[in-house]
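Values in this document were obtained by computation on a predicted structure and should not be read as measured data. Excluded from the calculations below are hydrogen atoms, water molecules and symmetry mates; all remaining heavy atoms, backbone and side chain alike, are included. Per chain, numbering begins at 1; letters A, B, ... match sequence-line order.
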Amino acid sequence: MADRGGRGGGGCCPPLDLMRSEPMHLVQIIIPMESAHLTVSYLGDIGLVQFKDLNADKSPFQRTYANQIKRCGEMARKLRFFREQMLKASISPSTTPMTRNNIDFDDLEIKLGELETELVEVNANSEKLQRTYNELLEYKLVLHKAGEFFHSARNDAAAQHRETEARQVGDASLDSPLLLEQEMQIDPSKQIKLGFISGLVPKEKSMAFERILFRATRGNLFLKQVPIDDPVNDPVSGEKIAKNVFVIFYSGERAKTKILKICEAFGANRYPFMDDVGKQLQMIDEVSAKIQELKTTIDVGLLHRDNLLKNIGYQFELWYHLVRKEKSVYHTLNMLSLDVTKKCLVAEGWSPVFAANQIQDVLQRATFDSKSQVGSIFQVLQTRESPPTYFRTNKFTSAFQEIVDAYGVAKYQEANPGVYSIITFPFLFAVMFGDWGHGLCLLAVTLFLIFREKKLSSQKLGDIMEMVFGGRYLILMMAIFSIYTGLIYNEFFSVPFKIFGPSAYACRDASCRDATIDGLIKVRRTYPFGLDPTWHGSRSELPFLNSLKMKMSILLGVAQMNLGIVMSYFNGMFFRNALNIWFQFIPQLIFLNSLFGYLSLLIIVKWCTGATADLYHVMIYMFLSPTDDLGENQLFPGQKTLQLVLLLLAFISVPWMLLPKPFLLKKQYEQRHQGQAYAMLQATDNGSLEEQDHDSHHHEEFEFSEVFVHQLIHTIEFVLGAVSNTASYLRLWALSLAHSELSSVFYDKVLLLAWGFNNVIILIIGLIVFIFATVGVLLVMETLSAFLHALRLHWVEFMNKFYEGDGYKFSPFSFALLAEEDE
Amino acid sequence: MGFLDTTFIFLIAGVVASRSVSVCLNRGPSTNLFHSTLIITATICCWMMWAIVYIAQMNPLIVPILSEG
């Protein structure tokens, strides 16, 4: 395998894509003040520089461009306000392709300011108008309802009056009380002037309103309430509220003030009301006319506002992008340090080595475009700091890389497990999900996603859909591999097919009497591809499949763990770390293979020879009494000697892993330290020298005990892990068994059962249940669980053999990423 | 079809696939190597799976016993 990057050098093959993160370097760019803005924004366009914050000690307010950022923030606020207003008026910002007309930032600021003032004014006016309008509407209601009330009251009074008069006329006899007439004729001087207040009160408060009024005036009032049929808009809040029209009659100024206060407290709006009918009619006319007038005014105002918002909507996206871009540019500019002369800005940042030319081109273009007299200076700095990790992924590999990154971002240029995960991840998934019927279903779904990729990627999808869409190529691989493993397991929705020829098994004799007791015998050559279909549904299916899948899990597991250990060799070669190769890679390889590699060998030998040896027994007694004779469990001659040798190797490899490395590290450190004391000063720049000094302080402390404990932990982890990780691969067996059993249960107990009734309706019901069970349990839940177990096998069992994953991700200043973040 | 025949087919398929991808989809040596690595890994995985199941059935210790009825 080739994995020689810049440092490894001298290999047979070219460097393997994606195996190592891109080589990075720390660059310094000195930009003249006048072209700084343009330069940074051009760099944001290519998005290949991760700027370092050189002003980390300064607060956001002390930085050079704090003012501009504030302005951008203000503009963003205005834009958010516009968006809110557009949302309220249900106008969506147009998504027409943005015209690249260059808008000046300052002009935009002024324009936004003007638009905001206008909009605020329009809003305030329309609000005021709306309020008046609502008040008038309420007034009209009061006029109507109270008018009705007065009218009926007057009718009642007139009727009563007539009645008393009639009675008076009729009863004008001697027994009528003499004072009656006097009583009836109220003395005008003693007549109390009754005042009244009319208005509207919210329905839910009306009871309390009445009670309080009654208490406050000690019952000296008359209150009449009439509910309004439709809820009205409250002038103050603008919300629709069910209200009652009320009329209160009271006597005396004191009562009036009390009532007024209570009205205020209950939010009851009062409206003047005349008891004169003529005036009432006049008022109603007046109010109606005013309402008409206001309505037109409001409509015109709304139209004006809508037009304004539509105009904003046309350019909203453009402005929004511009402002966000500006803000990010200034944010980046704030990270640059100001030169002593205040004439140029100094930028430092990480960028991939391959981008150096591109960056220089951009710098030149920016200098030219901004008509600056002086060009920017681009130079590479030497540093010992660990660079960020950057993998150039495409739409196919990114999902796999994300799986690895979710565990931990690779150390700079460390071997990337993502390369092999592209195959091994879907493969291990498929071992657990082997059924080519289900695989075809998955394939159909994912092909649908892939063919509509262009359309779907521009759309906004739900959370879960987004995740499925992001992993569409991962699911594609998973589907393809599950079709393959399904063919191997010979299961199509749990039904076997004789695709690859006749079964190898047949009855012992023509009568086939023994077939259900002693079983069939093998009469032909082994079934050429996958499981023999005869196994399906036989009584010995489960014992056979268990034995096969268990052993297969161990074989696949040992193979993958070996791959992991080999990857640590590539790392050792690449970083020229002979210590790790000799004292980590080799003993690890020996340890794992002398125990579990040997187990794999035994499994294969047992299969090939058809021996009846008990492998558990062999493995256990290899430890307990290695010198004992194997007896009937012997699989091949010389097995005892081989076992002794392997056991010895395994025992040797443990101290081999543990002891030499810390001591050698110590020795190395002492040598380096001695050498350093008399080392020649290198002729380097001041800056990098400082940095080197700074860095070497970090390395200076060498705690032997710490290193030793670390190595001890590492060794114990590996030795115990070799056992537990191998056992962990048995999940492949468990899950694939569960999958095939579940699907055969659904097939036998639902579909075949329904078929047996010979009834169309039952068959249809059975079919529906079968489809739902297959989709819900097997295609969704089983996919998830198999996915998670495959994930675990990669993260823990595979990656802990070599992967450190303590790097940090390359996060360049890029406008493209900025847009993604926002969505 | 014996063990060796099918193994040979796998080998041929793997080599042909990786070669043809390098020729048809030539995107520089690194990417070609990457594609070949993927194809070879996939072939090895598939072959292992097939080989395990095949060998396990070569000399059966248990034979299918048909269920009654």
What are the two closest non-hydrogen atoms of A:Phe391 and A:Arg20, and how far apart are they? CE2-C, 3.6 Å

For B:Thr7, what residues pass the side chain to side chain donor-acceptor pair (under 3.5 Å) criterion, not counting sequence neighbours? B:Trp47

Ignoring hydrogens and geometry, is there a side-chain-to-backbone donor-acceptor pair from A:Ser553 to A:Trp733 under 3.5 Å? yes

If I measure from the heavy atoms of chain B, does A:Tyr489 come under 4.5 Å with its side chain, its backbone, both, or neither? side chain

Residues in residues 18-26 of chain B that sit under 4.5 Å from chain A, counting heavy atoms only: none

Please check if the distance between the ring centroids of A:Trp535 and A:Tyr527 is under 6.0 Å. no

What part of A:Leu531 is in contact with chain B, defined as an atom under 4.5 angstrom from a non-hydrogen atom: side chain, backbone, both or neither? both

Drop me the distance from B:Ile52's CD1 to A:Ile488's CD1, to the nearest 0.5 angstrom. 9.5 Å

Go through the atoms of A:Ser503 and report whether side chain, backbone, both or neither lie under 4.5 Å from a heavy atom of chain B. neither

Between B:Asn59 and A:Trp607, does any side-chain donor sit less than 3.5 Å from a side-chain acceptor? no

Contact part of A:Phe529 toward chain B, heavy-atom cut-off under 4.5 Å: side chain, backbone, both or neither? both

Contact origin within A:Lys606 toward chain B - heavy atom pairs under 4.5 Å: side chain

Contact winner vs chain A - B:Pro60, B:Cys45, B:Pro29, heavy-atom pairs under 4.5 Å: B:Cys45

Counting heavy-atom pairs under 4.5 Å to chain B, which of A:Thr424, A:Ile521, A:Thr609, A:Val431 comes out on top? A:Thr609

Can you say whether A:Ser421 sits under 4.5 Å from chain B via the side chain, the backbone, both, or neither, judging by heavy atoms? neither

May I ask you to establish whether B:Arg27 and B:Phe34 are in a cation-pi arrangement, using a distance under 6.0 Å from NZ or CZ to the six-membered ring centre and at most 45° from the ring axis? no

Are A:Lys549 and A:Phe544 in a cation-pi setup, meaning NZ or CZ lies under 6.0 angstrom from the ring centre and within 45 degrees of the ring axis? no

Is there side-chain contact between A:His536 and A:Glu491, with heavy atoms separated by less than 4.5 Å? no

Could you tell me which portion of A:Leu556 (side chain, backbone, both or neither) has an atom closer than 4.5 angstrom to a non-hydrogen atom of chain B? both

Please classify the contact between B:Ile55 and chain A as side chain, backbone, both or neither, with a heavy-atom cut-off of under 4.5 Å. both

Sub-4.5 Å side-chain heavy-atom contact between A:Tyr420 and A:Phe400: no

Under 4.5 Å, counting heavy-atom pairs only, tell me which of B:Ala51, B:Ala42, B:Cys46 racks up the most with chain A. B:Cys46

Most heavy-atom pairs under 4.5 Å with chain B, out of A:Gly537, A:Ser540, A:Gly501, A:Pro543, belong to A:Ser540

Assess, by modelled atom type and distance only, whether the side chains of A:Gln560 and A:Tyr729 contain a donor and an acceptor separated by less than 3.5 Å. yes

Engaged part of A:Ala611 at the chain B interface, taking heavy atoms whose separation is under 4.5 Å: backbone

Quick check: does any side chain N or O of A:Gln401 sit under 3.5 Å from a backbone N or O of A:Arg392, one acting as donor and the other as acceptor? no

Please classify the contact between B:Met58 and chain A as side chain, backbone, both or neither, with a heavy-atom cut-off of under 4.5 Å. both

Counting N and O atoms only, with roles assigned by atom type, does the side chain of A:Glu22 sit under 3.5 Å from a partner on the main chain of A:Val353, one being a donor and the other an acceptor? no

